[in-house]
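Working notes, beginning with the structure itself.
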Amino acid sequence: MNRKVFLAWILTFVGGFTDAYTFMLYGNVFVAGQTGNIIFLAVNLINHQWFEGVLKITIILTFLIGMIFSAVWTKLMDKTHYWRVYSLVFELLIMFLIGIIPKAVSVYFKLPLLAFAMALQYCLYDQVNNYSYANVFTTANLKKATLNLTAGILYKKTSQLKSAILYYQLIACFIVGAIFGSFLSHILGIRAIVIPAGCILMAIIYHVKKIRNKESIFNSYRQDRT
C-alpha cells in the first residue's frame with residue numbers, strides 16, 4: 001500500500017516544498033538535498049563561516065542517522081501493516097512543532113529533527129508501483145525519466161514510456177512543491193510549514209485507508225475459506 005502513485009505525488013510535493021522552505025527561511029540550508037548542503041558547506045569553510053558550516057555538517061549527519069534508523073525500524077517494526085505510517089506521524093509532529101515554536105529557537109534544534117524525518121520519508125517510501133524513486137530530491141527521477149523515455153522511443157517499448165511519464169509526473173510534483181514552498185515562505189514565514197504538514201496528514205489518512213481496505217478484503221477472503 002506504500003507504492004500508490006497518489007501517495008508518491010504527495011510525498012514528492014512535500015520534499016520540494018520543505019527544502020525550498022528551509023532554504024528560504026534558514027539561510028541556504030536543505031534538510032533533504034544533501035548534495036546542495038555539501039556544496040554550500042565547502043563555500044562556508046572557504047569563507048570561514050563556521051556557524052553555517054557546522055550546521056550543515058550537523059544536518060548531513062542527522063540525515064545519515066535517519067537513514068540508518070530507517071533500516072533498524074524496518075527490522076523491528078515489520079510486523080504490522082502500519083509501520084511505515086508511524087514514520088509519517090513522526091514527520092507530521094515535527095513539522096507542527098517547527099511551525100509553532102518561535103523562529104528565535106536555535107536552528108540546531110529544529111533543522112536536524114526535520115532532516116531526520118525527511119530521511120525516514122526518503123527511505124521508507126522509496127517505491128511507486130514497481131519502480132524505485134526519490135521523494136525528497138529529483139535528480140535520480142530526472143535520470144530515470146529521461147533514460148526510460150529515450151529507451152521507449154528507440155526500442156518502441158510502451159512499458160518504458162509509461163514509466164517515463166510516471167517519473168516526469170513526480171518531477172512536476174517536486175517542482176510545484178518547490179514553487180509553493182518559496183512563494184508561501186515569503187507570505188507566511190515559518191508558519192508555511194503547515195502546508196506540507198497538511199499534505200503529510202493527507203498521506204497518512206490515504207495510506208491508512210488503503211491498508212484497511214486491503215485488510216477488509218483479506219479478512220473476507222479468510223472467512224469465505226473457513
Side-chain angles (χ1 to χ4, degrees), residues 2 6-34 36-37 40 51-70 73 77 82-125 134-137 173-209:
N2 61 297
F6 183 68
L7 194 58
W9 289 347
I10 296 174
L11 296 180
T12 306
F13 175 90
V14 169
F17 192 110
T18 305
D19 258 355
Y21 167 83
T22 58
F23 185 85
M24 297 293 295
L25 297 179
Y26 292 99
N28 301 342
V29 177
F30 299 108
V31 288
Q34 303 310 322
N37 281 339
F40 285 122
F51 179 87
E52 293 83 356
V54 173
L55 175 61
K56 291 178 179 65
I57 292 173
T58 303
I59 291 173
I60 293 168
L61 291 176
T62 308
F63 192 85
L64 292 176
I65 293 170
M67 291 194 291
I68 294 170
F69 184 81
S70 71
W73 187 257
M77 296 297 295
Y82 299 90
W83 64 280
R84 283 188 173 89
V85 179
Y86 300 148
S87 69
L88 294 182
V89 173
F90 173 77
E91 184 175 343
L92 175 63
L93 293 175
I94 293 301
M95 288 182 171
F96 177 76
L97 178 64
I98 291 173
I100 63 173
I101 61 178
K103 189 177 181 180
V105 174
S106 174
V107 291
Y108 279 92
F109 171 75
K110 294 186 285 188
L111 297 188
L113 283 175
L114 190 54
F116 185 89
M118 296 305 288
L120 294 182
Q121 175 182 308
Y122 169 54
C123 293
L124 298 180
Y125 288 87
N135 53 41
V136 296
F137 42 79
C173 288
F174 188 89
I175 293 172
V176 172
I179 292 171
F180 272 87
S182 301
F183 177 70
L184 293 177
S185 293
H186 276 299
I187 298 175
L188 302 177
I190 62 171
R191 304 292 185 262
I193 198 70
V194 301
I195 306 301
C199 293
I200 292 296
L201 179 59
M202 185 189 308
I204 292 170
I205 294 171
Y206 178 81
H207 195 178
V208 169
K209 182 179 179 181

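Everything numeric here is computed off the predicted structure, so don't read it as measured data. The analysis underlying the following values was restricted to heavy atoms, covering all of them including side chains, and did not include hydrogens, waters or symmetry mates.
When all heavy atoms of M118 and A32 are compared, the pair lying nearest together is CB-CB, 4.3 Å. I193 and G99 make their closest contact through CG2-CA, 3.3 Å (heavy atoms, listed as atom of the first residue, atom of the second, distance). Smallest separation of non-hydrogen atoms from A20 and S182: CB-OG, 3.7 Å. Of all heavy-atom pairs between Y122 and A134, the closest is CE1-CB, 3.9 Å. Scanning all heavy atoms of the two residues, the minimum distance from M24 to S185 falls at CB-CB, 4.1 Å. Shown here for A203 and L11, the closest heavy-atom pair between the two residues is CB-CD2, 4.3 Å.
Using a 4.5 Å cut-off on side-chain heavy atoms (C-beta onward), F109 and I101 make contact. Side-chain atoms of F13 and C199, non-hydrogen and from C-beta on, do get closer than 4.5 Å to each other. In this structure the side chain of Y82 reaches within 4.5 angstrom of the side chain of V208, judged on heavy atoms. Side-chain contact check for Y26 versus L114: every heavy-atom pair is 4.5 Å or farther apart. Using a 4.5 Å heavy-atom cutoff, the side chains of F137 and D19 are not in contact. T18 is listed as a side-chain neighbour of V31, based on a closest heavy-atom distance under 4.5 Å.
Between atom CZ of residue F23 and atom CG of residue N37 there is a gap of 10.0 Å, rounded to the nearest 0.5 Å. To the nearest 0.5 Å, atom CG of residue L188 and atom CZ of residue F183 are 9.0 Å apart. Between the CD1 atom of I205 and the CD1 atom of I200 there is a distance of 11.5 Å, given to the nearest 0.5 Å. How far CD1 of I100 is from CD1 of I190: 10.0 Å, rounded to the nearest 0.5 Å. Residue N135 holds its CG atom at 9.5 Å from SG of C123, rounded to the nearest 0.5 Å. Rounding to the nearest 0.5 angstrom, the gap separating the CG atom in L184 from the CZ atom in F17 is 5.0 Å.
Residues satisfying the side chain to side chain donor-acceptor pair (under 3.5 Å) test with Y125, not counting sequence neighbours, are H207.
Below 30°, between 30° and 60°, or above 60°: for F6 and W9 the angle between ring planes is above 60°, a perpendicular geometry. Aromatic ring orientation, F51 versus Y108: perpendicular (interplanar angle above 60°, classes split at 30° and 60°).
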Output a table of donor-acceptor pairs, distance under 3.5 Å, between side-chain atoms of residues 54-70 and any protein atom two or more places apart or on a different chain; print 'none' if there are none.
residue: K56; atom: NZ; partner: N44; partner atom: OD1; Å: 3.0
residue: T58; atom: OG1; partner: V54; partner atom: O; Å: 2.8
residue: T62; atom: OG1; partner: T58; partner atom: O; Å: 2.6
residue: S70; atom: OG; partner: M67; partner atom: O; Å: 2.5

If you look only at distance, which donor and acceptor atoms sit under 3.5 Å apart when one is on a side chain in residues 85-97 and the other is two or more places apart or in another chain?
residue: S87; atom: OG; partner: R84; partner atom: O; Å: 2.6

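For Q121 (side chain) and V136 (main-chain N/O), no donor-acceptor pair under 3.5 Å exists by modelled atom type.
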